[in-house]
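Just so you know, residue 1 is the first one in the sequence shown, and it goes up from there.
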Amino acid sequence: MIKTLDRLLDHLTMHRLVLYYLAALLIAALVFSFLKLVPHDPTALAFTTALVLATCWITNKVFARIFEVPANGESVYITALILALILDPIAPTEAKAIGAVAFASVWAISSKYILAVGGKHLFNPAALGVALTALLLDHPATWWVGGNIWLFPLVLAGGALVVRKLRRLDLVATFLAVALATILATTDPSQYGTALAETFSSSPLLFFAFVMLTEPLTAPTTRWPRIAFAAIVGLLFAPNIHIGSFYFTPELALLAGNLFAYAVSPKGRFVLTLERIEKTAVDSYDFIFKSQRKLAFQAGQYLEWTLGLERSDNRGNRRYFTVASSPTEQSVRLGVKFYPQSSAFKQALGGMKPGATIHASQLAGDFTLPSDPDTKIAFLAGGIGITPFRSMLQYLVDRKEMRPIVVLYGTEGQDDIAYRDVLGRAKRELGITTFHAVAKGAERGQYPGYIDARLVRLTLPDYLERTFYISGPQIMVKALRGKLLAMGVRRSRIKVDYFPGFA
């Protein structure tokens with residue numbers, strides 16, 4: 001069941017999944033409002049949704065043109081639908097309320113541009129929009145989507161899919177644990193049952209956790225800062241937490257967490273200019289960019305890459321790709337494999353000419369070298385999954401840093417082998433050996449077939465002492481992880497390359 005679910009999720013980008021989730025909630029709410037199961041007039045709900053969508057879309061178009069950055073339609077619609085689900089629906093005759101909803105929408109979108117440092121927005125857009133509307137216009141968010149029993153199953157099911165896609169169970173679990181613990185700690189023990197029942201049935205706890213908290217651009221990008229962020233927001237989310245007479249609301253709790261996230265996360269958005277394109281293997285190319293300022297990152301991390309597309313497809317105009325270059329190199333290298341039915345994004349990328357630009361942001365990832373240089377490591381790569389290892393190996397070569405690493409590299413054929421130069425230098429200068437597993441046309445000295453348990457045992461007699469890094473197609477990563485566990489390798493010694501935009 002889980003494997004089938006993961007296969008379905010792998011064909012959706014993270015942004016598209018969240019968009020579908022929010023749209024499903026709104027459609028269900030409209031249906032339930034006709035049936036009197038949601039305490040809102042369907043006309044008011046439809047009008048509010050249309051108003052928010054139109055205002056957000058227009059605002060984004062204006063600011064994208066002013067700031068000369070690619071407009072992202074999915075992001076706009078996600079923000080708009082969140083606002084429609086947490087602001088009270090209004091009637092077309094309520095002029096003051098219409099102004100408040102429009103105000104929230106304008107500020108939610110404009111904050112991505114004007115409240116940004118280095119091109120990276122500081123606050124969760126929807127949270128900021130409703131917070132300002134509450135403080136300045138006395139029109140607070142009611143978070144009505146979280147207080148309806150009929151919508152609860154959909155909130156829970158869709159939210160679980162989002163968490164699975166993002167692999168952010170640690171974030172959500174920490175938030176829920178701290179929020180519930182704080183609620184109980186500030187409640188009379190005789191009221192525990194009532195407090196918990198109301199928290200789950202009448203508060204935005206789960207919707208907030210699944211949709212708002214997990215928003216990747218305003219949350220920390222590495223594990224321990226991410227857990228600290230969740231704990232801070234969970235503590236402030238509890239309704240009885242206050243400073244004097246000032247009580248936190250869900251949106252204010254998140255905004256406080258956003259400040260922490262910004263303090264501990266990589267800063268800024270980069271505009272990269274294409275210098276040249278290099279062919280690395282059959283249908284695989286490296287796009288080599290220059291940046292006006294130095295990109296500080298760890299070998300093995302990834303970026304979110306954005307292109308301005310005239311016509312996008314259902315995968316959108318953003319992608320997450322590993323940085324294939326080393327932190328020691330001046331250029332920023334993006335390694336991509338092209339398939340016969342490439343997405344609109346890859347088609348536009350493939351059509352880039354020297355001098356064209358791409359936007360990169362949201363540097364993240366824990367798929368990095370261990371701090372202890374004596375840790376025994378095995379790199380297991382499949383196809384284009386060699387890119388993070390290219391970054392790490394080039395980094396070690398440039399620093400002349402010896403590490404006990406062995407590389408197992410699986411490809412379909414000889415023409416699929418990429419970065420032969422870097423693998424060769426790692427062998428000559430650092431003694432890092434690469435064993436090739438070639439499915440079709442293996443040559444002498446190569447392993448005929450795919451990376452499997454037999455190859456691991458043949459090449460790594462000390463495999464139980466090693467930490468395994470696995471990168472490649474998701475089906476390969478999952479299969480190899482299962483094989484290693486069956487061979488007795490501890491879970492803590494297996495790191496897999498995963499980022500939220502896979503699809």
Side-chain angles (χ1 to χ4, degrees), residues 2-14 161-173 214 216 220-224 226-227 297-304 319-324 335 337 362-371 375-393 403 405-411 434-435 437 450-453 455-456 459-460 463-503:
I2 295 297
K3 291 182 179 179
T4 302
L5 181 63
D6 284 340
R7 281 197 296 270
L8 292 173
L9 292 177
D10 284 347
H11 288 85
L12 283 174
T13 63
M14 179 262 302
L161 293 179
V162 171
V163 174
R164 179 66 183 176
K165 174 69 176 178
L166 289 171
R167 302 296 198 272
R168 288 294 181 263
L169 182 59
D170 57 350
L171 174 72
V172 173
T214 57
T221 57
T222 51
R223 187 166 186 264
W224 291 112
R226 188 164 62 237
I227 289 175
F297 66 100
Q298 295 182 62
Q301 291 190 302
Y302 62 84
L303 282 166
E304 181 190 66
R319 285 291 187 285
Y320 289 86
F321 291 113
T322 300
V323 182
K337 183 173 180 63
Q362 201 186 336
L363 178 68
D366 296 314
F367 197 73
T368 55
L369 289 166
S371 56
T375 301
K376 290 184 176 182
I377 303 170
F379 290 162
L380 276 57
I384 198 62
I386 192 68
T387 51
F389 301 136
R390 190 267 178 205
S391 175
M392 296 179 195
L393 293 175
R403 291 212 184 199
I405 298 173
V406 175
V407 182
L408 306 186
Y409 183 14
T411 56
T434 297
F435 294 94
Y450 298 102
I451 300 173
D452 56 16
L455 179 61
V456 171
T459 56
L460 302 167
Y463 70 88
L464 290 177
E465 302 171 14
R466 291 188 177 265
T467 297
F468 287 82
Y469 286 63
I470 314 173
S471 176
Q474 287 297 297
I475 190 170
M476 183 211 89
V477 171
K478 293 170 185 174
L480 282 180
R481 185 174 184 274
K483 287 184 172 70
L484 292 173
L485 291 172
M487 293 169 66
V489 179
R490 297 202 303 270
R491 291 180 185 274
S492 61
R493 288 184 177 270
I494 303 174
K495 293 176 69 72
V496 300
D497 189 19
Y498 179 85
F499 35 84
F502 181 79

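Going from atom CE of Met392 over to atom CD1 of Ile405 covers 8.5 Å, rounded to the nearest 0.5 Å. Between Leu480 atom CG and Ile494 atom CD1 the span is 9.5 Å, to the nearest 0.5 Å. Interatomic distance, OG1 of Thr467 versus CZ of Arg493, reported as 5.0 Å (0.5 Å rounding). Taking CE from Met476 and NZ from Lys478, the interatomic distance works out to 12.0 Å, rounded to the nearest 0.5 Å. Distance check: Ile386 CD1 to Ser391 OG gives 11.5 Å after rounding to the nearest 0.5 Å. For the atom pair CE (Met14) and CZ (Arg167), the distance works out to 13.0 Å, reported to the nearest 0.5 Å.
Annotation for Leu485: atom CG counts as buried by contact number, over 12 foreign heavy atoms lying within 6.0 Å.
Counting heavy atoms from C-beta on, the side chains of Leu460 and Leu408 come closer than 4.5 Å. Residues Leu303 and Phe321 fail the side-chain proximity criterion, which asks for heavy atoms closer than 4.5 Å. Using a 4.5 Å heavy-atom cutoff, the side chains of Leu369 and Ile377 are in contact. Taking the side chain as every heavy atom from C-beta outward, Met487 and Tyr463 approach each other to under 4.5 Å. Looking only at side-chain heavy atoms (C-beta outward), Thr214 and Leu171 come within less than 4.5 Å of each other. For the pair Val323 and Phe297, the minimum side-chain heavy-atom distance is below 4.5 Å.
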Begin from the C-alpha positions of Val456 and Phe468 and carry the test side chain to side chain contact (heavy atoms under 4.5 Å, CB included) through to its verdict. CA-CA 11 Å; Val456 171; Phe468 287 82; 4.2 Å; yes
Carefully, step by step, assess Ile470 and Leu484 under the rule side chain to side chain contact (heavy atoms under 4.5 Å, CB included). CA-CA 11 Å; Ile470 314 173; Leu484 292 173; 3.8 Å; yes
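With sequence neighbours excluded, no residue forms a side-chain hydrogen bond (donor to acceptor under 3.5 Å, both in side chains) with Asp366. With sequence neighbours excluded, the residues that form a ring-ring contact (aromatic ring centres under 6.0 Å, His included) with Tyr469 are Phe367, Phe379. Listed by chain and number, the residues in a side chain to side chain contact (heavy atoms under 4.5 Å, CB included) with Glu304 are His15, Leu217, Thr306, Arg318, Tyr320, Ser361, Gln362 (sequence neighbours excluded). A search for side chain to side chain contact (heavy atoms under 4.5 Å, CB included) contacts involving Ile384 returns Ser284, Lys337, Thr387, not counting sequence neighbours. Evaluation of the salt bridge (Lys or Arg N to Asp or Glu O under 4.0 Å) rule for Arg403 yields Glu401 as partners, not counting sequence neighbours. Annotation: side-chain hydrogen bond (donor to acceptor under 3.5 Å, both in side chains) contacts of Arg466 (sequence neighbours excluded): Asp462.
Between Gly300 and Thr322 the shortest heavy-atom distance is O-CG2, 4.1 Å. Here the shortest heavy-atom pairing between Thr368 and Ala299 reads CG2-O, 3.5 Å.
Proximity of a side-chain donor or acceptor of Ser471 to a complementary backbone N or O of Gly385 within less than 3.5 Å is detected.
Remark: Arg223 engages Asp170 in a salt bridge, criterion side-chain N to carboxylate O under 4.0 Å.
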